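Encoded as structure tokens, the structure appears first; notes follow it.
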Amino acid sequence: MLQIQRIRQEPEAIIEGLKKRGIDASETVHALIELDANRRSIRHEMEENQHSLNGLSKEIGELFKSGRAQEANALKQETGTLKEAIKDLNDRVQLIATKEHDLLLSLPNVPHESVKAGRDEKDNEEVKRVGTVPTLHDGAKPHWDLAEQYDLIDFELGVKITGAGFPVYKNHGARLQRAMINFFLDENRAAGYTEYQVPHFVNAASGYGTGQLPDKEGQMYEMPLDGLYAIPTAEVPVTNMFRDEIVNAKEFPIKSTGYTPCFRREAGSYGKDVRGLNRLHQFDKVEIVSITHPEQSYTLLDEMVAHVAGLLDKLELPYRILRLCGGDAGFTSALTYDFEVYSAAQERWLEVSSVSNFETFQANRLKLRFKDEDGKSQLCHTLNGSAMALPRVLAALLENHQQEDGIRIPAALVSYTGFDKIA
RNA sequence: GGAGAGAUGGCAGAGUGGUCGAAUGCACUGGUCUUGAAAACCAGCGUACCGCGAGGUACCGGGGGUUCGAAUCCCUCUCUCUCCGCCA
């Protein structure tokens, strides 16, 4: 959520920025400015009345105390009109505030200056390409065939016990999953991230904190009996640990990591996008979340991007880094870098990680603040990224490292898997 | 699932209708003292909004009500804790 103060201060800059997302926000922005001005002036009037009422109440109290009940009762008559006026003004303030809040929620984050205007993924900028795409032997297969050949994943079994999109990993497939989780967590920890194990269900307040609620509840599995939601990403519980907190600026940057399964309803997906591991209802992910001073967030973003790149290097996978254009970046993001690994067998790029700076957009909803040098509260900047999402990394590993006699495990993973080849 | 208790500032914990934004202690910040530190002492120390400022308004889990006036009384919701039951 954008801050209303910022909209007041630089409406034109916001309108210009949002154009990069293909959004004309000028109507909303100007409506907000007007609502906000109205709300403040009505509220001011209400507060003046409240002030008078408070004064009268005090007088009445003192009169009663000194035994002058008659004078007190006379004063009481005067409070009636004040109370009515206050109630009326308050109703108006509430009404305006609700409208204002709804409008604010409808505005996405303003893209960073480096973000290019654009509509969709076709307009994303490739900022870096690393590694070489392997030349596969004849008869190389996509991961869903490899998974069957080597008995790594049983999709049908998942359908039987739950439904489509809930695969069962087995044998070397299951062990590889476990190895990757540990590998990623260890790497993150070594890079200064504090490891957390967090709940996989969250309450509604947390859903609001990170922006899954309202409006996007359809993307989460819900347990209405208990008012809980299955998390779509560890970002939700990890970030919400800091909701309503005033953190100590001396601790910046606050870096956290956690592994969780992620649950997504993914209603309406179909076709080759959902084949095999490409899109699932349940998958594993290790997430990194950072909180820092506004002036340091972009340095930290670069650091996080470099860290994720290092993971892919160790997994010996060819990848590219994209700077998402305005139209393709997430609602809450100011700047997002996507990591895509090339899948040699599918001959397409697979998104394996997404690293974003939300600036104050998320912190505003979370009320996540710190005290600056003047002792004033300021919103923190929050960032997060996947480090990493397992299914597509697994798909890319299987496809890129397949050889005629089996699947090679990259050296960095061998100490975690306990085997260097799946044959 | 059954029974009970409770929710107050970073923490602990007073406060049962007016002078309470809220005692006290701890923690924290600054200062005095000290070679330095500790101790002691002095001072400061919640959040948000409005206002150039003086200042004002709101907030004692959330919402509603009674009252001239609510942390305090009433209703309601949520959450937490304790005991019993069940149980990895």
Side-chain angles (χ1 to χ4, degrees), chain A residues 1-9 32-101 103-104 197-209 213-214 222-229 237 240-252 254 261 291 360 363-380:
Chain A
M1 190 166 64
L2 293 172
Q3 294 172 87
I4 188 68
Q5 295 91 328
R6 181 173 170 198
I7 290 175
R8 268 204 317 255
Q9 283 161 14
L32 272 169
I33 291 174
E34 198 183 323
L35 284 172
D36 183 55
N38 270 332
R39 184 177 56 83
R40 293 196 339 253
S41 90
I42 295 172
R43 191 168 160 191
H44 186 71
E45 197 185 334
M46 179 182 89
E47 287 181 356
E48 279 180 347
N49 284 332
Q50 192 64 254
H51 180 52
S52 311
L53 183 62
N54 287 345
L56 282 178
S57 297
K58 206 167 194 175
E59 271 185 67
I60 291 168
E62 276 157 13
L63 287 172
F64 271 126
K65 222 165 238 181
S66 52
R68 295 187 282 173
Q70 212 167 14
E71 288 171 65
N73 282 318
L75 268 186
K76 271 197 202 181
Q77 309 294 321
E78 290 181 35
T79 62
T81 49
L82 272 177
K83 282 175 76 176
E84 252 172 67
I86 289 167
K87 190 168 163 30
D88 180 55
L89 290 166
N90 187 46
D91 286 349
R92 284 163 68 192
V93 168
Q94 293 306 321
L95 193 72
I96 294 172
T98 305
K99 277 190 201 167
E100 201 178 327
H101 187 70
L103 279 184
L104 269 181
Q197 215 173 57
V198 293
H200 300 169
F201 299 160
V202 293
N203 56 29
S206 294
Y208 280 98
L213 299 175
E222 190 178 350
M223 284 145 280
L225 216 54
D226 299 291
L228 298 175
Y229 299 84
N240 271 286
M241 295 194 297
F242 301 94
R243 169 158 46 88
D244 292 323
E245 294 289 327
I246 296 179
V247 298
N248 189 342
K250 285 179 191 154
E251 291 166 22
F252 285 152
I254 300 170
I291 298 164
T360 59
N364 190 27
R365 269 224 219 179
L366 288 164
K367 294 199 176 66
L368 168 51
R369 293 155 294 168
F370 70 98
K371 295 268 194 212
D372 64 19
E373 294 82 4
D374 303 328
K376 292 198 66 171
S377 293
Q378 266 198 60
L379 293 174
C380 304

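Chain letters run A, B, ... following the sequence lines, proteins first and then strands; every chain starts at 1. Note that the structure is predicted; figures quoted are calculated from it, not measured.
Comparing rG69(B), rG18(B), rG51(B) by their closest approach to the side chain of K83(A) singles out rG69(B).
RNA chain B is contacted by both Q378(A) and L56(A); Q378(A) maps to the nucleotide lying nearer its 5′ end (nearest heavy atom per residue). Residues I246(A) and G55(A) both approach RNA chain B. Their nearest nucleotides, taken by heavy-atom distance, put I246(A) toward the 5′ side.
In this structure, CG of N248(A) is placed 16 Å from C1' of rC11(B), rounded to the nearest angstrom. The CZ-P distance, from F64(A) to rU19(B), rounds to 15 Å in whole Å.
Within the structure, a side-chain polar atom (N or O) of S377(A) is placed less than 4.0 Å from OP1 or OP2 of rA48(B). Contact annotation: R8(A) side-chain N/O to rC50(B) OP1/OP2 distance is under 4.0 Å. Considering only side-chain N and O atoms, R369(A) lies under 4.0 angstrom from the phosphate OP1 or OP2 of rA48(B). Contact between the side-chain N/O atoms of R43(A) and the OP1/OP2 oxygens of rG56(B) is not found at any separation under 4.0 Å.
Of the P atoms belonging to rA39(B) and rU29(B), the separation is 12 Å, rounded to the nearest Å. Look at the P atom in both rG44(B) and rG25(B): the space between them is 13 Å, to the nearest Å. To the nearest whole angstrom, the two C1' atoms, one in rA54(B) and one in rC59(B), are 23 Å apart. Straight-line distance between the P atoms of rA27(B) and rC79(B): roughly 35 Å, to the nearest whole Å. rU8(B) and rA3(B) have their P atoms separated by 25 Å, given to the nearest Å. Rounded to the nearest Å, the gap between the P atom of rA38(B) and that of rC26(B) is 16 Å. The C1' atoms of rC83(B) and rG18(B) are separated by 41 Å, rounded to the nearest whole Å. Separating the P atom of rC11(B) from that of rG64(B) is a span of 25 Å, rounded to the nearest Å.
Side-chain atoms of N240(A) and V202(A), non-hydrogen and from C-beta on, never get closer than 4.5 Å to each other. The shortest side-chain heavy-atom distance between E71(A) and E59(A) does not fall under the 4.5 Å cut-off. The shortest distance between side-chain heavy atoms of R92(A) and E45(A) does not fall below 4.5 Å. In this structure, L103(A) and K99(A) have side chains that are not in contact, with every pair of non-hydrogen atoms separated by 4.5 Å or more. Two residues are said to be in side-chain contact when any heavy atoms from C-beta on lie closer than 4.5 Å; S57(A) and T79(A) fail this criterion. Side-chain contact between N73(A) and F64(A): present, with at least one pair of heavy atoms (C-beta onward) separated by less than 4.5 Å.
When both pairing distances are held under 3.5 Å, rA40(B) makes a Watson-Crick or G-U pair with rU32(B). Nucleotide rG53(B) forms a pair with no other nucleotide shown, judged by Watson-Crick or G-U wobble geometry with both contacts under 3.5 Å. Across all strands shown, rU80(B) is found opposite rA5(B) as a Watson-Crick or G-U wobble partner, with both distances under 3.5 Å.
T79(A) comes within 4.0 angstrom of sugar-phosphate atoms only, judged by non-hydrogen atoms across all strands, and of no base.
Between L368(A) atom CG and E245(A) atom CD the span is 8.0 Å, to the nearest 0.5 Å.
Salt-bridge check for K58(A) with E62(A): failed, with every basic side-chain N at 4.0 Å or more from each acidic carboxylate O.
Within residues 44-54 of chain A, the residues having any heavy atom closer than 4.0 Å to RNA chain B are, in order of number, H44(A), E47(A), Q50(A), H51(A), L53(A), N54(A).
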